[in-house]
Q: 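Got a structure here, written out as structure tokens. Questions coming.
Note: hydrogens, waters and symmetry copies are ignored here, and every other heavy atom, side chains too, is used.
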Amino acid sequence: MFLTKLSRLNPNPLLLILTRHLSNPSKLHDRYSFKPPPSLSPNTQGQNPNHNNPKKKQKPQYCPPSSLDRTGQKPIHSDLPFDFRYSYTESSPTVRPIGLREPKYSPFGPGRIDREWIGVCAPAVDPKVRSVEGAEEDPKLEEKRKRRRQKVQGEPLTPAERKILVDKCQRPKTKRQINLGRDGLTHNMLNDIQNHWKHDEAVRIKCLGVPTVDMKNVCTQLEDKTFGKIIHRHGGVLVLYRGRNYKPKKRPVIPLMLWRPHEPIYPRLIKTTIDGLSIEETKEMRKRGLAVPALTKLAKNGYYGSLVSMVRDAFICCELVRIDCQGLEKSDYKKIGCKLRDLVPCILVTFEKEQIVVWRGNDYKPLEDGYFLPDRELFDSPEGDLVSGEEGCGNSDGNSSEKEFDSGEE
């Protein structure tokens with residue numbers, strides 16, 4: 001304090017000498033073993049007081065983990081007994097493409113799984129194939145799936161237990177829901193279903209768009225790939241039960257697809273000339289088909305569960321049927337036409353002007369054993385299982401005391 005006051009009043013030469021003497025660290029340390037504070041050292045102004053210390057090693061910048069970085073890690077192994085496909089409802093293993101749009105690059109990432117991607121799927125048993133034609137499913141896999149599903153399901157639910165689970169999955173009770181859209185049951189959706197099963201025994205699935213043309217296939221693939229069981233269906237709304245013996249900690253390993261693979265090249269749906277007709281007759285039929293009154297107009301992302309039966313009924317009185325698809329994506333109504341060709345069956349005439357025109361053919365015979373799901377299934381009996389065939393079809397009368405889903409989900 002005394003030195004500070006003197007310096008403010010008048011700088012004294014004696015005071016400057018004393019300050020220099022105190023600021024000399026070498027003499028102070030030798031005589032008194034004293035180290036002056038940094039404030040008395042004139043060379044430390046504007047510098048770090050710890051400049052004599054060695055520099056600390058800087059921490060490396062944070063880099064978020066990447067799923068593509070597999071250095072030092074083994075490929076993921078999954079013992080699920082089926083081929084991994086991008087979509088299990090919109091791609092059929094029986095239909096082989098005529099080519100690929102890209103090299104056989106795995107959508108799971110390089111070296112992430114121990115299965116080889118052959119362009120359309122990753123087979124359960126790696127056959128080391130080099131062509132798409134060589135990918136065939138092992139017949140023993142179906143038996144393995146059935147045994148595994150029976151082990152997880154355990155004893156069937158009683159009507160009271162089923163009613164409680166369905167009531168919990170109604171819209172006013174829970175907001176948990178999985179939406180199944182135009183791509184159908186995708187591979188990554190299997191992981192979403194397993195995540196929902198960690199919290200609840202059953203999950204609500206809402207199906208809209210192209211896959212609803214063949215709801216039987218959607219229900220069958222859901223039960224087959226998830227090892228669950230559908231305990232309720234009302235239109236496109238399903239309730240999928242996980243099973244009595246399901247353990248979330250022992251859930252199957254499902255490697256996720258990091259991107260969507262390119263669709264392979266399939267044969268053209270519309271041919272230049274229809275089989276059995278000449279070029280002039282084909283042109284005339286297409287012109288007449290576009291002039292036929294529309295059987296129905298499809299709404300975008302709607303429920304098309306009754307479309308196949310409507311076309312079959314229309315073929316009884318007329319040979320050409322037109323379906324108005326204005327507003328739908330081009331790929332959507334092409335997929336719908338492909339499903340109608342296989343399910344009705346019928347012959348595709350044209351997709352012009354956002355219309356689907358189909359012809360029943362010269363030798364058309366309606367299928368007598370065609371099985372289609374009713375608009376609503378109850379599954380009151382323990383045998384109500386869609387995988388087992390027609391036994392999964394419950395009565396659709398209105399005498400049941402079960403609460404219905406929200407009318408907007410039909």
Q: Assess the residue pair Arg288 and Val357 against the criterion (side-chain contact (heavy atoms from CB on, under 4.5 Å)); give the C-alpha distance rounded to whole Å, side-chain angles, the decisive distance to 0.1 Å, and a yes or no.
A: CA-CA 10 Å; Arg288 286 194 301 116; Val357 179; over 6 Å; no
Q: With a 4.5 Å cut-off on side-chain heavy atoms, are Phe351 and Leu269 touching?
A: yes
Q: Under 4.0 Å between a side-chain nitrogen and a carboxylate oxygen: does that hold for Arg85 and Glu90?
A: no
Q: How long is the straight-line distance from OG of Ser306 back to CZ of Arg312, given to the nearest 0.5 Å?
A: 13.0 Å
Q: Can you tell me which residue pairs pass the side chain to side chain donor-acceptor pair (under 3.5 Å) test with a partner in residues 266-277, sequence neighbours excluded?
A: none
Q: In a check of side-chain contact (heavy atoms from CB on, under 4.5 Å) between Asp342 and each of Cys346, Cys338, Pro345, which one passes?
A: Cys338
Q: Roughly how far, to the nearest 0.5 Å, is CZ of Arg115 from OG of Ser78?
A: 5.5 Å
Q: Please assess Ile336 against Ile323 for the test side-chain contact (heavy atoms from CB on, under 4.5 Å), listing each intermediate value before the final yes or no.
A: CA-CA 10 Å; Ile336 293 174; Ile323 302 171; 5.8 Å; no
Q: Report the C-alpha distance between Lys229 and Glu223 in whole Å, list the side-chain angles of each, state the deciding distance to 0.1 Å, and finish with yes or no for salt bridge (Lys or Arg N to Asp or Glu O under 4.0 Å).
A: CA-CA 5 Å; Lys229 181 179 179 181; Glu223 292 186 343; over 6 Å; no
Q: Any side-chain to backbone donor/acceptor pair from Gln355 onto Glu352? Under 3.5 Å, distance only.
A: no
Q: Rounded to the nearest 0.5 Å, how far apart are SG of Cys325 and CG of Leu298?
A: 4.5 Å
Q: Taking only residues at least two apart or on different chains, which pairs with a member in residues 289-299 satisfy salt bridge (Lys or Arg N to Asp or Glu O under 4.0 Å)?
A: Lys297-Asp324
Q: From Lys74 NZ over to His77 NE2, what is the distance, rounded to the nearest 0.5 angstrom?
A: 12.0 Å
Q: Above 12 or not: heavy atoms from other molecules or residues under 6.0 Å from CD of Glu102?
A: yes
Q: Do Trp197 and Tyr246 have ring centres separated by under 6.0 Å?
A: yes
Q: Within the structure provided, determine whether Pro75 and Ile113 are in side-chain contact (heavy-atom separation under 4.5 Å).
A: no
Q: Taking salt bridge (Lys or Arg N to Asp or Glu O under 4.0 Å) as the cut-off, I'd like each qualifying pair that reaches into residues 239-248, sequence neighbours left out, listed once.
A: Glu161-Arg244
Q: If you measure from CG on Asn195 to CZ on Arg251, what distance do you get to the nearest 0.5 Å?
A: 4.5 Å
Q: Applying side-chain contact (heavy atoms from CB on, under 4.5 Å) between Leu222 and each of Ile205, Leu190, Thr89, report the one that passes.
A: Ile205
Q: Apply side chain to side chain contact (heavy atoms under 4.5 Å, CB included) to Arg286 and list each qualifying residue two or more places apart in sequence or on a separate chain.
A: Ile270, Thr282, Val349, Thr350
Q: Looking only at atom types and distance, does a side-chain atom of Arg101 sit under 3.5 Å from a main-chain N or O of His262, one as donor and one as acceptor?
A: no
Q: Hey, can you tell me if Phe82 and Tyr88 have their rings parallel, tilted or perpendicular (30° and 60° cut-offs)?
A: perpendicular
Q: Once ring-ring contact (aromatic ring centres under 6.0 Å, His included) is applied, what residue pairs with a partner in residues 141-167 remain, sequence neighbours excluded?
A: none
Q: Partners of His199 by side-chain hydrogen bond (donor to acceptor under 3.5 Å, both in side chains), sequence neighbours excluded?
A: none
Q: Check this for me: does any side-chain nitrogen of one of Asp79 and Arg148 sit under 4.0 Å from a carboxylate oxygen of the other?
A: yes
Q: Determine the minimum heavy-atom distance between Met285 and Ile274, stating which atoms define it.
A: SD-CD1, 4.0 Å
Q: Report the C-alpha separation of Ile164 and Val166 in whole Å, then their side-chain angles, then the decisive distance to 0.1 Å, and conclude whether the side-chain contact (heavy atoms from CB on, under 4.5 Å) test is met.
A: CA-CA 6 Å; Ile164 292 173; Val166 172; over 6 Å; no
Q: Tell me every residue that passes side-chain hydrogen bond (donor to acceptor under 3.5 Å, both in side chains) with Arg147, counting only those two or more places apart in sequence or in another chain.
A: none
Q: Run the side chain to side chain contact (heavy atoms under 4.5 Å, CB included) test against Thr212 and tell me which residues pass, sequence neighbours left out.
A: Cys207, Met215, Tyr303, Tyr304
Q: Please report the C-alpha distance between Leu185 and Leu180 in whole Å, then the side-chain angles of each, then the deciding distance to 0.1 Å, and finally whether the side-chain contact (heavy atoms from CB on, under 4.5 Å) criterion is met.
A: CA-CA 6 Å; Leu185 177 60; Leu180 191 147; 4.3 Å; yes
Q: Should Leu340 and Val308 count as side-chain neighbours, where that means a heavy-atom distance under 4.5 Å?
A: yes
Q: Who pairs with His196 by side-chain hydrogen bond (donor to acceptor under 3.5 Å, both in side chains), at least two apart in sequence or on another chain?
A: none
Q: If we only count heavy atoms from C-beta on, is the Lys249 to Lys198 side-chain gap below 4.5 Å?
A: no
Q: What is the minimum heavy-atom distance between Gly119 and Pro264, and which atoms define it?
A: O-CG, 4.2 Å
Q: Under 3.5 Å, side chain of Gln153 to main-chain N/O of Phe227, donor-acceptor pair present?
A: yes
Q: Which pairs count as salt bridge (Lys or Arg N to Asp or Glu O under 4.0 Å) when at least one residue sits in residues 326-337, sequence neighbours excluded?
A: Arg182-Asp332
Q: Go through the structure and list residues passing side chain to side chain contact (heavy atoms under 4.5 Å, CB included) with Arg260, not counting sequence neighbours.
A: Tyr86, Asp183, Glu263
Q: Could you report the tightest heavy-atom contact between Asp83 and Ala124, atom names first, then the distance?
A: OD1-N, 2.9 Å
Q: Is the shortest side-chain N to carboxylate O distance from Lys168 to Asp200 below 4.0 Å?
A: no
Q: Please identify each residue that fulfils side-chain hydrogen bond (donor to acceptor under 3.5 Å, both in side chains) with Arg341, with sequence neighbours left out.
A: none
Q: Arg360 side chain to Phe315 main-chain N or O, any donor-acceptor pair under 3.5 Å?
A: yes
Q: Considering all heavy atoms of both residues, which atom of Gly361 and which atom of Ile347 are nearest to each other, and what is their separation?
A: CA-CD1, 4.1 Å
Q: Under a 3.5 Å cutoff, is there a donor and acceptor pairing between the side chains of Asp192 and Gln194?
A: no
Q: Give the ring-plane orientation class for Phe84 versus Phe108, where under 30° counts as parallel, over 60° as perpendicular and anything between as tilted.
A: tilted
Q: Given side chains that start at C-beta, do those of Asn191 and Leu256 come closer than 4.5 Å, heavy atoms only?
A: yes
Q: Please examine the side chains of Asp114 and Ile76, heavy atoms only from C-beta on, and report whether any two atoms are closer than 4.5 Å.
A: no
Q: At their closest point, which heavy atom of His232 faces which heavy atom of His234, and how far apart are they?
A: NE2-CB, 3.7 Å
Q: Give, for atom CH2 of Trp259 and atom CE of Met257, the distance between the pair rounded to the nearest 0.5 Å.
A: 11.0 Å
Q: Could you tell me whether the side chain of Glu354 reaches within less than 4.5 Å of the side chain of Leu328, counting heavy atoms only?
A: no
Q: Is Cys219 close to Leu238 at the side-chain level, that is, under 4.5 Å between some pair of heavy atoms?
A: yes
